[in-house]
Amino acid sequence: MHHYLDAEELTKALSPDIPVLLNRPHAARRAARYFVDQFPGKALYAVKANPSPALLQLLWEEGVTHFDVASIDEVRIVRATLPDATLCYMNPVKQLASVREAYREHGVRIFSLDSLEELEKIELGTELAEDLTLCVRIRVASEFAEISLASKFGVDVDESAELLQRARQRADCLGICFHVGSQAMTPLAYVHALERVRTAIVGASVTVDIVNVGGGFPSIYPDLEPVSLNHYFTAIDRTFEDLPISYSAELWCEPGRALSAEYSSLVVKVERRRGNELFINDGAYGTLFDAAHIGWRFPVRQVGADAENGTTTGFSFYGPTCDDMDFMAGPFVLPDDIRAGDYIEIGMIGAYGSAMRTKFNGYGSSEEHDVTDEPMASLYVGDNLDRSDRDNVVSFPSA
Ligand SMILES: *Cc1c(COP(=O)(O)O)cnc(C)c1O
């Protein structure tokens, strides 16, 4: 693989006709180091955000040892890439054959669940193993997150006592986990969720060994600029320390987006301009699923254009397939005079970008290259490392 400085150097050299992913290993390393050093507990990586073996390897090298996997294919990918990693099978509804293969062939000992049926499945699949860590997923609100994860999984706290007690009997190690929703825009999301954990622990009178606050840690996008992550960590730490758990209880988190968003950007080519609509060569069935289906506004720039001068317009995008739904409303702000043949770089696409790509309509091919310039934005450098001048900070009195 050839290395380029940035999108401009790459498009000059290659004039690519297919979308190109630009990977920034240094950015992924920086994010991993930040979580490993600063999170007041253990930071897992949620593989579904981006299962690229190259990324898995980088995270491992920076000290991420535990990986949240949700399917048997993710188990196989991580195990093949990282033979010594600890795999945590955190999908609360698994297939029996997958539990069996994960336990027997890949050394998986950590499973999540949110029902008695799933507990029985895990017992069956592991043949009543006594070396299990079982994490009971509770339902928490998604009110502070951009993407809800409140409907599908999680046992209601009011109904969680029996499951916690039964899991406690089966487990060598008992955890409670939740997910506040993706791109949680305030640390309060975790504070509220941890209060649900308190209620669950008190209600079931069980000893809990692990509290896993899940994913949801934000990245930075146009109009979605969070306070810095240290505010999240402080709020989580204080609330965790106050839970009715033993001193040896562990705190875990499992970010996907926050560890992978800055890893990649995407270079696309404009094939046609029609008014303020640009027809580009990637879209809703490709890397831009979130831009199409949930209106996510990724940062954009025209490759090689002078960003400081010239006037700009808000554009929407059509992807390459013959489908009206292959549409991304934006608005994506780009130079007025952009036209067919120009290239656009779309930033912060490392999370839920390439992972979502399909082959629909014969598209979906792309190239990948490493680049050395900085991502379009970063939570891990400069001012963004300590920002409290946004309206969603939670202040805690010092302990
Ligand atoms: C998707 C998912 C994550 C990662 O969420 P992000 O919002 O990307 O941090 C973590 N844990 C579980 C169980 C998930 O399903």
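All heavy atoms count here, side chains included; hydrogens, waters and symmetry mates do not. In what follows, residues are counted from 1 in the order of the sequence shown. Read the numbers this way: they start at 1 and go in the same order the structure lists the ligands and their atoms.
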Checklist outcome for this item: Restricting to heavy atoms, the pick from Glu254, Glu146, Met90 nearest atom 12 (C) of ligand 1 would be Glu254

Checklist entry - In terms of heavy-atom contacts, does OH of Tyr363 have more than 12 from other residues, nucleotides or ligands at under 6.0 Å? => result no

Checklist entry - Looking only at heavy atoms of Tyr352, does any of them come nearer than 4.0 Å to an atom of ligand 1? => result yes

Checklist entry - Can you list the atoms of ligand 1 that are under 4.0 Å from a heavy atom of Arg257? => result 6 (P), 8 (O), 9 (O)

Checklist entry - For ligand 1, which atoms have a heavy atom of Arg137 less than 4.0 angstrom away? => result 13 (C)

Checklist entry - Using 30° and 60° as the class limits, which term best fits the ring planes of Phe317 and Phe332: parallel, tilted or perpendicular? => result parallel

Next on the checklist: Go through it in stages, so that I can follow the logic: the residues are Asn230 and Ser228, the test is side chain to side chain donor-acceptor pair (under 3.5 Å), and I'd like the CA-CA distance, side-chain angles, deciding distance and then a yes or no.
Outcome noted: CA-CA 6 Å; Asn230 57 333; Ser228 45; 2.6 Å; yes

Item to check | Protein heavy atom at shortest distance from atom 4 (C) of ligand 1 | outcome: Ala46 CB, 3.4 Å

Next on the checklist: Closer than 4.0 Å to some heavy atom of Asp68 - which atoms of ligand 1 meet that?
Outcome noted: 10 (C), 11 (N), 12 (C), 13 (C)

Item to check | Within 6.0 angstrom of Arg339 CZ, more than 12 heavy atoms from elsewhere | outcome: no

Next on the checklist: With respect to Gly216, determine whether any N or O atom, backbone or side chain, lies less than 3.5 Å from an N or O atom of ligand 1.
Outcome noted: yes

Checklist entry - Would one find more than 12 heavy atoms of other residues, nucleotides or ligands at under 6.0 Å from atom CG of Asp37? => result yes

Checklist entry - Does CG in Asp324 sit with more than 12 non-hydrogen atoms of other residues, nucleotides or ligands closer than 6.0 Å? => result no

Item to check | Ala49 near ligand 1 by a heavy-atom separation under 4.0 Å | outcome: no

Checklist entry - With a 4.0 Å cut-off on heavy atoms, is Ala258 touching ligand 1? => result no

Checklist entry - Just wondering, do Arg357 and Ser366 contact through their side chains at under 4.5 Å, heavy atoms? => result yes

Checklist outcome for this item: Note: ligand 1 atoms sitting under 4.0 Å from heavy atoms of Gly215 are 5 (O), 9 (O), 10 (C)

Checklist entry - So Tyr285 and Phe360, would you call those rings parallel, tilted or perpendicular, with 30° and 60° as cut-offs? => result tilted

Checklist outcome for this item: Of all protein heavy atoms, the one nearest atom 7 (O) of ligand 1 is Ser182 OG, 2.5 Å

Checklist entry - Is ligand 1 under 4.0 Å from a heavy atom in the side chain of Ile147, in the backbone, in both, or in neither? => result neither

Checklist entry - In terms of side-chain heavy atoms, does Asn212 have a donor or acceptor partner in Glu254 at a distance below 3.5 Å? => result yes

Checklist entry - Quick one: which ligand 1 atoms are inside 4.0 Å of a heavy atom on Pro255? => result 9 (O)

Next on the checklist: Considering Gln183, Lys152, Lys48, His179 one by one, which has a heavy atom nearer to atom 15 (O) of ligand 1 than any of the others?
Outcome noted: Lys48

Checklist entry - Quick one: which ligand 1 atoms are inside 4.0 Å of a heavy atom on Gly256? => result 4 (C), 6 (P), 8 (O), 9 (O)

Checklist entry - Stepwise, does the salt bridge (Lys or Arg N to Asp or Glu O under 4.0 Å) test hold for Asp6 with Arg24? => result CA-CA 10 Å; Asp6 58 13; Arg24 292 176 177 76; over 6 Å; no

